[in-house]
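Okay, so here's the structure we're looking at.
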Amino acid sequence: MAPVACDVCGVRRAVVLQRHTGRRLCRECFREDIVGRVRREVERWGMIRPGETVLLGLSGGKDSYVLLDALSEIVGPSRLVAVSIVEGIPGYNREGDIEKIRRVAAARGVDVIVTSIREYVGASLYEIYSRARGRGAGHAACTYCGISRRRILALYARLYGAHKVATAHNLDDEAQTAIVNFLRGDWVGMLKTHPLYRSGGEDLVPRIKPLRKVYEWETASYVVLHRYPIQEAECPFINMNPTLRARVRTALRVLEERSPGTLLRMMERLDEELGPLAQAMKPSSLGRCERCGEPTSPKRRLCKLCELLEEAGFQEPIYAIAGRGKRLRLQSPTASPG
C-alpha cells in the first residue's frame, strides 16, 4: 500500500490519525498542531505575560516532554526553570525517568531542580501512606502525593521568583476534574479550575495548565514520534484503592472512543459558560496554618497538608519546623536529591 500524504502539507507521509479532526498528519505537522494549540491556549487566557518567568513541574512522563518542548518554543528557555519531585515508592524508579528528562531539558537550556517529598516532609510518600493506613485514614495515596507536590512546587516558585507554575495536566486530566467536581456538587471547585480564576494571597503563585486542550493519546504519540524516553513503570498506587477520578477516567475513555472529540467539545463549552463566572469570582482572604505558617483556607487551623500528615501521625514535618525558624535545605538547579 502506498504511503498516505499528510492532509496539511500534502508532501510528507502521514504518521498520525487525529480522530477528533479526521486529519492524517505527518510528524512535523502533528508537532506544529500540538505546539500551536498550546500557544493559543496560553494567549487566549493570558496565562503567561511578557517578561514573566515560569516554573515547570516535570514528572518525567510523556506530558512533561510536551510541556517542556512547547514552552521552550513559546516562552524561551531563559524564562523557564523546572522542578522534578521524587515521590519515594518502592519499585517505581522515578529517579531514572527524571534523569532522562533532565538531560533533555539541559539540551534546551532549561535547568532542572531535583528534590523529593522526603526532603520536604521527612518521609517518603510510601511511608506517609503506609502510616496513614495503619492509623485508619481512608485517603488514597494520590491525595498525599498531589498536595505534597503542589506545596513543593509553590515553595520553589517563590524561591526563584517565578510568576507562574506550569503543570503538564492534559485534556483528559481536566475533563476528569470537571466531571468529578460536578458529581460532588463542587461548583466552586469547577470555577477554580478555569484559567480566568485568580487565587488570592500574595504568597500564592498562580498555577497554569498549558496542555489543557491536548489529548493524552496525543502526548503519548508525540513522545514516540520524537523518540523521547518512555516512562515504562506505572505508579503501583493507580490500581490500588481506586478513586472516583479513576472510575470517571475509564468512563470518559469509552465516550471518547465512541465519539471522538467529546472531551474537547465538553471543555470548550465549559470554558465559555464558566469563564465570566470564574473571572467575577472574588478570591477569599486566606488564613495562616498554625503549624507551618503557609497560606490556608479561611477559618482553618491547619493547612490541608499539615492536617493530612497529622492524621498519618506526623506531628513535626520538616517544613513545619523550618517554618518556625529552622532553615529548610533546598536543592539548587542540577542538584540531585539527598
Side-chain angles (χ1 to χ4, degrees), residues 57 59-61 63 83-98 114-155 167-169 172-173 176-177 179-181 183-186 189 207 231-253 289-297 300-324 328-329 337-338:
S59 68
D63 303 321
V83 169
S84 291
I85 303 166
V86 177
E87 298 91 347
I89 304 172
Y92 187 45
N93 184 21
R94 297 284 294 106
E95 291 91 338
D97 294 318
I98 287 174
V114 183
T115 185
S116 66
I117 291 179
R118 176 184 292 279
E119 270 193 285
Y120 186 68
V121 174
S124 68
L125 175 63
Y126 181 80
E127 291 166 340
I128 294 169
Y129 180 63
S130 297
R131 284 184 60 173
R133 290 196 67 183
R135 294 169 65 91
H139 303 292
C142 300
T143 300
Y144 300 100
C145 183
I147 292 176
S148 298
R149 290 170 65 87
R150 285 194 294 273
R151 176 69 71 79
I152 294 169
L153 291 176
L155 172 69
T167 59
H169 292 85
D172 298 60
D173 297 325
Q176 292 159 25
T177 297
I179 295 299
V180 167
N181 282 331
L183 293 176
R184 290 174 174 167
D186 187 358
R207 293 195 300 269
Q231 183 174 315
E232 298 179 356
E234 186 177 68
C235 177
F237 287 122
I238 289 180
N239 298 315
M240 187 184 302
N241 188 22
T243 60
L244 174 60
R245 174 181 288 273
R247 294 190 287 272
V248 167
R249 178 185 184 186
T250 300
L252 289 180
R253 281 184 171 178
C289 175
E290 293 179 6
R291 181 161 295 162
C292 68
E294 287 290 321
T296 188
S297 301
R300 288 183 64 99
R301 185 179 69 86
L302 299 178
C303 66
K304 190 61 179 179
L305 180 57
C306 282
E307 183 180 276
L308 287 170
L309 291 173
E310 184 177 80
E311 291 179 8
F314 292 91
Q315 302 289 339
E316 293 288 324
I318 289 176
Y319 67 84
I321 298 173
R324 295 197 296 273
L328 178 65
R329 184 170 64 90

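Side chains are part of it too, since the values below use all heavy atoms of this structure and drop only hydrogens, waters and symmetry mates.
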For this session: Would you indicate whether the side-chain heavy atoms of Thr177 and Arg245 approach each other to under 4.5 Å?
Result: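 A side-chain contact under 4.5 Å exists here.
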Exercise. Do the non-hydrogen side-chain atoms of Ile147 and Arg150 ever get within less than 4.5 Å of each other?
Worked result: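 Ile147 reaches Arg150 side chain to side chain.
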Side chain of [X], backbone of [Y]: donor and acceptor closer than 3.5 Å?
| X | Y | value |
| --- | --- | --- |
| Arg118 | Gly88 | no |
| Arg301 | Glu290 | no |
| Gln176 | Asp172 | yes |

Exercise. In terms of ring plane angle, is the pair Tyr319 and Tyr120 parallel, tilted or perpendicular, where the classes change at 30° and 60°?
Worked result: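 If you compare the ring of Tyr319 with that of Tyr120, the planes turn out parallel.
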Exercise. Taking it one step at a time, do Leu153 and Ile85 satisfy side-chain contact (heavy atoms from CB on, under 4.5 Å)?
Worked result: CA-CA 9 Å; Leu153 291 176; Ile85 303 166; 4.2 Å; yes
I need the minimum non-hydrogen distance between [X] and [Y], along with the two atoms involved.
| X | Y | result |
| --- | --- | --- |
| Arg149 | Glu87 | NH1-OE2, 3.1 Å |
| Ala320 | Cys292 | CA-CB, 3.9 Å |
| Leu302 | Arg291 | CD2-CB, 3.7 Å |
| Tyr144 | Ile128 | CD2-CG2, 3.8 Å |

Exercise. More than 12 heavy atoms of other residues, nucleotides or ligands under 6.0 Å from OH of Tyr126: is that the case?
Worked result: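 No, not enclosed.
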